[in-house]
Amino acid sequence: MAYCTNCGALLESTARFCPNCGTPVTAVASAAANSLRSDYQVVLVSRGTCPHNVAVDILSDLLGYTDAEALQIINNLPMATAIDLTAVQAQYVAQAMSEYGMEVAVYNGNGYVDMGSAATASVFDSNGSFLASVAAVLTGISIGNRVRQYERWTRPAPVVFRPTYRRQVPLTTYRRYRPIPAPRTVVVAPRPVVRPAPAPRPVPAPAVRPAPAPR
C-alpha cells in the first residue's frame with residue numbers, strides 16, 4: 001500500500017499516475033517508499049489559539065481518545081499525541097491541528113522533521129470538512145496510533161510545524177469526519193402481566209341429615 005506524496009491519495013500497486021492529482025508514480029517512488037515508514041510521531045507543543053473544547057474534539061476524532069484522555073494530554077503539554085504514523089499521516093494530522101491554531105512538531109527516530117514545505121494546500125474543503133483524499137489516509141489511523149504512556153516531552157526545542165499553506169484566521173468550528181456513534185437504545189420488551197389464578201371457591205359439603213330415630 002502506498003500513498004501519493006503530493007496529495008496523499010491511496011495508490012494501487014500497478015498505478016503509474018496518481019488517480020487524484022495525476023502525479024507520476026515513478027517520480028515519487030522513493031519518497032512514497034519512505035512515507036510508508038511508520039515511525040513518525042506528532043507532538044502537540046501548545047494549544048495556541050485553539051479553543052480548549054475544539055482541541056479535545058480533534059484528538060477524540062482523529063485518534064479515538066476519550067474526552068478524559070484528551071484532557072490529560074492537553075493539560076500536560078508538550079506531549080506526543082500520535083505514534084507509529086507514516087509520513088503522510090503525520091503531515092495531515094499536524095496540518096489539521098495547525099489549521100486550528102495549535103503548535104505541533106513531527107518527530108521520527110532521527111529527530112524532529114521539518115515537513116512544512118510538503119503542506120501546500122489546506123486539508124479541509126470550503127465547508128470545513130476533510131478533503132476526501134485526506135480522510136482516506138486518516139481512516140488508517142487506529143487505536144494502535146494512540147500514545148501508550150502519558151509522558152511530557154523535555155527534548156530540545158522542536159521544529160514547530162509551519163505549513164507553506166497557513167490560514168490567516170484559524171478555523172474555530174470542527175467538523176468530525178468519523179461519524180459519532182449513536183447511543184445504543186436497548187428496547188426492553190414489556191413483561192407479560194401474570195395474574196394469579198383466582199383461588200377456587202370452596203364447595204360446600206352436602207348437608208348430612210341424621211337418620212331418623214327408630215320408633
Side-chain angles (χ1 to χ4, degrees), residues 7-8 40-107 112-153 155 157-183:
C7 69
Y40 290 81
Q41 302 184 40
V42 174
V43 180
L44 181 55
V45 180
S46 166
R47 189 164 54 83
T49 60
C50 182
H52 198 275
N53 62 314
V54 173
V56 171
D57 287 346
I58 292 176
L59 289 181
S60 300
D61 190 28
L62 293 181
L63 293 148
Y65 288 111
T66 64
D67 287 357
E69 291 169 337
L71 284 171
Q72 188 169 359
I73 292 174
I74 293 171
N75 292 335
N76 292 279
L77 299 178
M79 287 188 66
T81 59
I83 60 175
D84 298 336
L85 299 174
T86 65
V88 178
Q89 289 173 334
Q91 176 196 326
Y92 285 165
V93 171
Q95 187 166 349
M97 291 181 173
S98 69
E99 288 196 47
Y100 274 90
M102 289 185 256
E103 287 192 331
V104 297
V106 179
Y107 183 87
Y112 289 100
V113 184
D114 186 2
M115 304 181 72
S117 59
T120 58
S122 175
V123 295
F124 300 99
D125 61 20
S126 58
N127 295 322
S129 301
F130 281 109
L131 297 172
S133 58
V134 175
V137 174
L138 296 180
T139 302
I141 299 176
S142 66
I143 187 174
N145 300 113
R146 301 180 199 170
V147 295
R148 302 181 182 92
Q149 293 181 337
Y150 295 93
E151 298 176 346
R152 296 194 67 185
W153 281 56
R155 300 179 185 276
V159 177
V160 177
F161 182 79
R162 302 290 187 193
T164 304
Y165 172 85
R166 191 165 182 82
R167 290 184 178 275
Q168 297 299 322
V169 179
L171 297 167
T172 56
T173 304
Y174 181 70
R175 288 176 175 268
R176 296 179 68 101
Y177 86 99
R178 297 181 197 258
I180 302 175

Contact summary for Arg175 and Ser129, nearest pair of heavy atoms: CD-OG, 3.4 Å
Heavy-atom closest contact (Val106 atom, Ala90 atom, distance): CG1-CB, 4.1 Å
Whether Arg146 side chain and Ala82 backbone form a donor-acceptor pair below 3.5 Å: no
Cationic N near anionic O, under 4.0 Å, Asp84 to Arg148: yes
Validation row: Met79, Gln149 side chains within 4.5 angstrom (heavy atoms): no
Test item: Tyr65 side-chain N/O and Thr81 main-chain N/O as donor-acceptor pair under 3.5 Å: yes
Heavy-atom pair with the smallest gap, counting every atom of Thr139 and Tyr177: N-OH, 3.7 Å
Minimal non-hydrogen separation, Phe161 against Ala119, with atom names: CZ-CB, 4.0 Å
Side chain to side chain donor-acceptor pair (under 3.5 Å) assessment of Tyr150 paired with Asn76: CA-CA 9 Å; Tyr150 295 93; Asn76 292 279; over 6 Å; no
Minimum-distance pair of heavy atoms, taken over all atoms of Asp67 and Ser60: OD1-OG, 3.5 Å
Arg178 and Ile141, any side-chain heavy atoms less than 4.5 Å apart: yes
Distance-minimising heavy-atom pair for Gln41 and Ile83: OE1-CG2, 3.5 Å
Side chains of residues 42-57: which donor-acceptor partners sit under 3.5 Å, not counting sequence neighbours?
unit_1 : atom_1 : unit_2 : atom_2 : d
Ser46  : OG     : Gly48  : N      : 3.0
Arg47  : NH1    : Cys50  : O      : 2.7

Contact check, side chains of Tyr40 and Tyr107, non-hydrogen atoms, under 4.5 Å: no
Got a list of side-chain donor-acceptor pairs under 3.5 Å for residues 94-101, not counting sequence neighbours?
unit_1 : atom_1 : unit_2 : atom_2 : d
Gln95  : NE2    : Glu99  : OE2    : 3.2
Gln95  : NE2    : Ala121 : O      : 2.6
Ser98  : OG     : Ala94  : O      : 3.4
Ser98  : OG     : Gln95  : O      : 2.9
Glu99  : OE1    : Ser122 : OG     : 2.9
Glu99  : OE1    : Arg167 : NE     : 2.6
Glu99  : OE1    : Arg167 : NH2    : 3.4
Glu99  : OE2    : Ser122 : OG     : 3.3
Glu99  : OE2    : Val123 : N      : 3.1
Tyr100 : OH     : Thr173 : O      : 3.0

Met102 and Ile58, any side-chain heavy atoms less than 4.5 Å apart: yes
Full working for side-chain contact (heavy atoms from CB on, under 4.5 Å) between Phe130 and Leu62: CA-CA 11 Å; Phe130 281 109; Leu62 293 181; 4.0 Å; yes
Beyond-backbone contact of Leu85 with Tyr92, side-chain heavy atoms, under 4.5 angstrom: no
